[in-house]
Amino acid sequence: MITLPGSAPAQPSRGDGDAELDGTDSAHLGVGFSSPRTGLTVLTVRGEVDTLTAPRLETALDELLGLDADGDGRDLAVDLEGVSFLASSGLGVLIHTARRAARDGRRLFVVATNRAVLRPLEVTGSAQLFTVLPDQDGIPGA
């Protein structure tokens, strides 16, 4: 598990590598990594993604993309269920990440059901760059 400087510290919730983020202050961006199963790494994000916090998200996504791919490629997921606001700066970071993942032949999934995330994706047409799922259980096995 990786916690980036300035992000909310991730606290282990179970012994299987999952992490739970401190989402008490939505003005700060909390990020944490987990590997719920072989071949899948999930970045969980909590808080507001705006001009001030988008660089923190970009750093976390760069870390995610920098992980070694397995033989068939590592699936990547960004869980945005805990995001209460997604500004255009954050959307730009997600789009850039989707393009990098596609270029590297990796699958990128976005977990989101809340309007704060889905609406910007839909309005800009960028939802088509991602496989948007309602929960992590919907991510196809690696």
Side-chain angles (χ1 to χ4, degrees), residues 1-13 16-142:
M1 174 177 21
I2 301 168
T3 301
L4 300 172
S7 65
Q11 302 296 323
S13 60
D16 60 4
D18 287 344
E20 184 174 321
L21 298 174
D22 177 10
T24 56
D25 184 357
S26 64
H28 293 88
L29 190 67
V31 296
F33 292 88
S34 64
S35 292
R37 60 182 172 258
T38 303
L40 173 65
T41 302
V42 178
L43 174 67
T44 302
V45 183
R46 299 222 190 288
E48 297 179 356
V49 183
D50 57 21
T51 303
L52 297 176
T53 59
R56 194 171 307 148
L57 176 62
E58 183 173 30
T59 299
L61 289 168
D62 285 345
E63 290 279 336
L64 185 67
L65 288 169
L67 296 173
D68 289 334
D70 294 333
D72 294 332
R74 178 173 282 279
D75 288 338
L76 310 169
V78 183
D79 187 336
L80 301 175
E81 278 300 287
V83 171
S84 57
F85 178 74
L86 179 62
S88 60
S89 53
L91 187 57
V93 169
L94 290 172
I95 291 168
H96 176 72
T97 300
R99 289 183 177 147
R100 279 186 60 196
R103 184 181 66 228
D104 295 343
R106 300 170 91 178
R107 297 190 301 175
L108 177 67
F109 302 96
V110 172
V111 177
T113 57
N114 59 1
R115 184 172 170 80
V117 173
L118 293 177
R119 186 71 177 143
L121 291 175
E122 292 166 357
V123 168
T124 61
S126 57
Q128 64 190 3
L129 296 173
F130 310 101
T131 300
V132 180
L133 302 168
D135 56 43
Q136 289 186 26
D137 293 337
I139 299 170

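Count residues from 1 along the sequence.
Ser88 pairs by the side chain to side chain donor-acceptor pair (under 3.5 Å) definition with nothing, not counting sequence neighbours. Residues passing the side chain to side chain donor-acceptor pair (under 3.5 Å) test with Glu58: none are found, sequence neighbours excluded. Listed by chain and residue number, nothing satisfies the side chain to side chain donor-acceptor pair (under 3.5 Å) test with Thr131 (two or more places apart in sequence, or in another chain). For Glu81, the side-chain contact (heavy atoms from CB on, under 4.5 Å) partners two or more places apart in sequence, or in a different chain, are Asp79, Val111, Ala112, Thr113. Taking the side chain to side chain donor-acceptor pair (under 3.5 Å) definition, one finds that Ser89 meets it with nothing, sequence neighbours left out.
Judged purely by atom type and a 3.5 angstrom limit, Asn114 has no side-chain atom pairing as donor or acceptor with the backbone of Ser84.
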Please set out all donor-acceptor pairs under 3.5 angstrom arising from side-chain atoms of residues 92-105, sequence neighbours excluded.
from, atom 1, to, atom 2, distance (Å)
Thr97, OG1, Val93, O, 2.9
Arg100, NH1, Asp62, OD1, 2.8

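Taken from CG in Asp75 to CZ in Phe109, the straight-line distance is 5.0 Å, to the nearest 0.5 Å. Rounding to the nearest 0.5 angstrom, the gap separating the CG atom in Leu129 from the OG1 atom in Thr124 is 8.0 Å. Leu61 contributes atom CG, which lies 9.0 Å from atom CG of Leu76 (distance to the nearest 0.5 angstrom). We find the CG-CZ distance between Leu65 and Arg74 to be 12.0 Å, quoted to the nearest 0.5 Å. Of the inter-residue distances, the one linking Leu108 atom CG with Leu64 atom CG reads 7.5 Å to the nearest 0.5 angstrom. Taking CZ from Arg46 and CG from Leu29, the interatomic distance works out to 11.0 Å, rounded to the nearest 0.5 Å.
Across every non-hydrogen atom of Leu57 and Leu43, the tightest pair is CD1-CD2, 4.2 Å. Closest heavy-atom contact between Pro36 and Gln136: CG-OE1, 4.2 Å.
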*Run the numbers on Ile139 and Arg37 for side chain to side chain contact (heavy atoms under 4.5 Å, CB included), then give the verdict.*
CA-CA 11 Å; Ile139 299 170; Arg37 60 182 172 258; 3.4 Å; yes

